[in-house]
There are 2 protein chains.
Amino acid sequence: MAGSGLSPVSEEPTLDEPKRRPTIGDVAKAAGVSPSTASRALTGQGYAAAAVKAKVLAAADQLGYVPDEFARSLKRRTNRLVGVVISDLRNQFYADLAAGIEQVLGAAGYQMVLVNDDGDTDRELAGVRTLLAMRVPGTIVTPLSSEAGALLTSQGVRVVEVDRQMAESQCDAVLVDSEHGARAATGHLLELGHRRIAFLIDELEWTTGVGRLTGYREALRERGVDYDPELVVRVGFGEGSAATAIASLLEVRPDVTAVFAANNLMAEGVWQEMQRRKLRVPKDVSLVAFDDLPWMSMVQPAVSAVSQPVVAMGAKAAELLLARLSGTLTGDPRTVWLEPTFERRGSTRRLPG
Amino acid sequence: MAGSGLSPVSEEPTLDEPKRRPTIGDVAKAAGVSPSTASRALTGQGYAAAAVKAKVLAAADQLGYVPDEFARSLKRRTNRLVGVVISDLRNQFYADLAAGIEQVLGAAGYQMVLVNDDGDTDRELAGVRTLLAMRVPGTIVTPLSSEAGALLTSQGVRVVEVDRQMAESQCDAVLVDSEHGARAATGHLLELGHRRIAFLIDELEWTTGVGRLTGYREALRERGVDYDPELVVRVGFGEGSAATAIASLLEVRPDVTAVFAANNLMAEGVWQEMQRRKLRVPKDVSLVAFDDLPWMSMVQPAVSAVSQPVVAMGAKAAELLLARLSGTLTGDPRTVWLEPTFERRGSTRRLPG
DNA sequence: CTGTTAGCGCCTTCAT
DNA sequence: ATGAAGGCGCTAACAG
């Protein structure tokens, strides 16, 4: 009497059916075999006669059986989950990163568990703890603190850092050569005759901020231009911070002829402030951005920018992690550098005179 | 001899420690109590003397113990995971949606498991199956097919649909009033004297597409303007589809004076095509978009758009789901409508004559 | 090739 | 207030 063996989807009338989902035991019973045989048939691991296998599969299908990943993970002591910790999903940069990661992970049958830390180290740590609790074998993080990574590795969880790298971390990383990109952008401005170039940066704690500033300074040094600390503006993370920052800088230093915004958010703020003040770009002031976004090619003039292979970076990080997890890759931590490209557009012009 | 009881983080030299993570048994042993007592102390459920509790907590901390969510879920038969199925993380619309969801979920101690289906129903189904396997108690989806939702509900998983709604679905939903928004935008164009308004739409299978088209048609009817099917262009999902579509339409129908792009992607394509063709907006052609994005306020002229409360929509969906899961909300499925607002900007102008 | 047995880590009665 | 026992659903050894 297999009266309970109806497809749950077709069982329309009694929507209030017992919430208990079919277990492998139910499938086994329906197929007239033992649970272990059912397991072998379902997973493909181990022996199972073709006829039996078919019968089990049919029963499983009939019952709408979906194996319980928790139970399976508990037994197998591993799973196909990857934790991803990023700072801000609303920033297209991070969204693209996550998309690149997800793409590779999904193709390999892994599932992404996304944690947003909002740039808050407490939330980062909390997120990591959650991932630990979920027994993820690996994680990909845009690190905020070194504690998070340390905690992860101390528990045997593989970590790949992406976009930025913590100094203490002894793990794989996929990075963009910020220094090189910033040097190219700054060099471009210098070549156009600019000498007083404002540099807007929101953090100097991470390799990204440091690298970009270093690139800026190196370009100056290469051309023998003095470094003016007053032109380096430390911007807050808030919404209108960049706009405020550039506004007050221009107040004090009206001699600035070009602005280098060290990420897409700040570039947006600067752009908006320029509009507000009716400053012409590039006539009154030239602008370059680090991290290229679609809008930068859509505004008039288009914004010259250092373009990062963001999706590829995420994908590469995922590949690295998978290689570690599968044991394909062993040995010392590896750091993969991706090269950004400078896209010259209309927001920069040669200084007259 | 509690030699193994060192904080794993401080245990620098032997990084190659046994991967086996401490279990509640280890904690119990270290604290000199039974596993059950340790469990009570750790979870706060049930009795535990203050002194004992402190001892257990200290031991757990010392060992770097993190409870195994899988084992716990297996036992408790529930967990704090929520599956989120969206179409395209790289589209800021979906990223914002996910961010809104995550925000509310995180605050309630829930973890988001994100699945990207790329608009592919097969991948949607596969994602749902994964979620089922993870025994998530609830999901939030931007539905592609009705099968996915049906499968979920048939297994007792709560579903909240967001952005669009499947006709057959008997579940909660959080939607934006597309019809109203599209009517406002179209009405605005009509008031400016436009009569031949192209309408670009990428799908008519979902409530979003249908609603937007309906709003467009209603606005026409209200003003007694004949509906011209030739002006409704069905656009593919690919990258340059919108640009191609508008290009060929303008070829055939140079009399078109305004374009209504029914989502942000198509608006982008149209904008780019206008640039390429050196068509002036709004002089040569007016443009309105459905779904407002930051770039639309940054370009010159700024694009008039129907602005959706995207993050709020995600947040609301999460709240609804949590209310269902906690039993705070019971009874018939609820549909929450959010009102979009029409932002008039510079891309639309009164038709001369 | 298949069934039996045992146990992954945790929680929750039920006794004490 | 605490411990012992059992079992969540699944799979890996081991017999047969």
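Protein chains get the first letters and strands the later ones, always in sequence-line order, with residue 1 at the start of each.
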| field | Minimum heavy-atom distance between A:Thr130 and B:Gln111, given as atom pair plus value | value | CG2-OE1, 3.6 Å

What is the distance, to the nearest angstrom, from the [atom1] atom on [X] to the [atom2] atom on [N]?
X	N	atom1	atom2	value
A:Phe70	C:dG7	CZ	P	24 Å
B:Met134	D:dG9	CE	P	18 Å
B:Leu132	D:dG9	CG	P	15 Å
B:Ile24	C:dG9	CD1	P	12 Å
B:Leu42	C:dT12	CG	C1'	15 Å
B:Gln45	D:dT2	CD	P	16 Å
A:Arg72	C:dG7	CZ	P	22 Å
B:Asp68	C:dG9	CG	C1'	6 Å

Using a heavy-atom cut-off of under 4.0 Å over every strand shown, decide if [X] touches base, sugar-phosphate, or nothing.
X	value
A:Thr23	sugar-phosphate
B:Thr43	sugar-phosphate
B:Pro67	sugar-phosphate

| Run the side-chain hydrogen bond (donor to acceptor under 3.5 Å, both in side chains) check on A:Thr153 and A:Gln170 step by step: do they pass? | CA-CA 9 Å; A:Thr153 43; A:Gln170 264 298 93; over 6 Å; no

At less than 4.0 Å, is any side-chain N or O atom of [X] found next to OP1 or OP2 of [N]? Yes or no.
X	N	answer
B:Ser34	D:dG3	yes
B:Ser39	C:dC10	no
A:Arg77	C:dG9	yes

| said: Both B:Tyr47 and B:Arg76 contact DNA chain D. Taking the nearest nucleotide for each, which residue is further toward the 5' end? | reply: B:Tyr47

| 5'-most contact on DNA chain D: A:Tyr65 or B:Val52, nearest heavy atom basis? | B:Val52

| Which nucleotide in the set D:dG3, C:dC11, C:dT4 lies at the smallest distance from any side-chain heavy atom of A:Ser36? | C:dT4

| task | With the side chain of B:Leu74 defined as its heavy atoms from C-beta on, choose the nearest nucleotide among C:dG3, D:dT11, C:dG9. | result | C:dG9

| said: Regarding C:dG3, can its base be found pairing with the side chain of A:Arg40 as donor and acceptor, where the two atoms are less than 3.5 Å apart? | reply: yes

| Does a donor on one side chain sit under 3.5 Å from an acceptor on the other, for A:Arg76 and A:Thr43? | no

| task | Determine whether B:Val157 and A:Arg21 make a side-chain contact, defined as any pair of heavy atoms from C-beta on separated by less than 4.5 Å. | result | yes

| said: Checking the side chain of A:Gln155 only, and the main-chain atoms of B:Gly64 only, is there a donor and an acceptor separated by less than 3.5 Å? | reply: yes

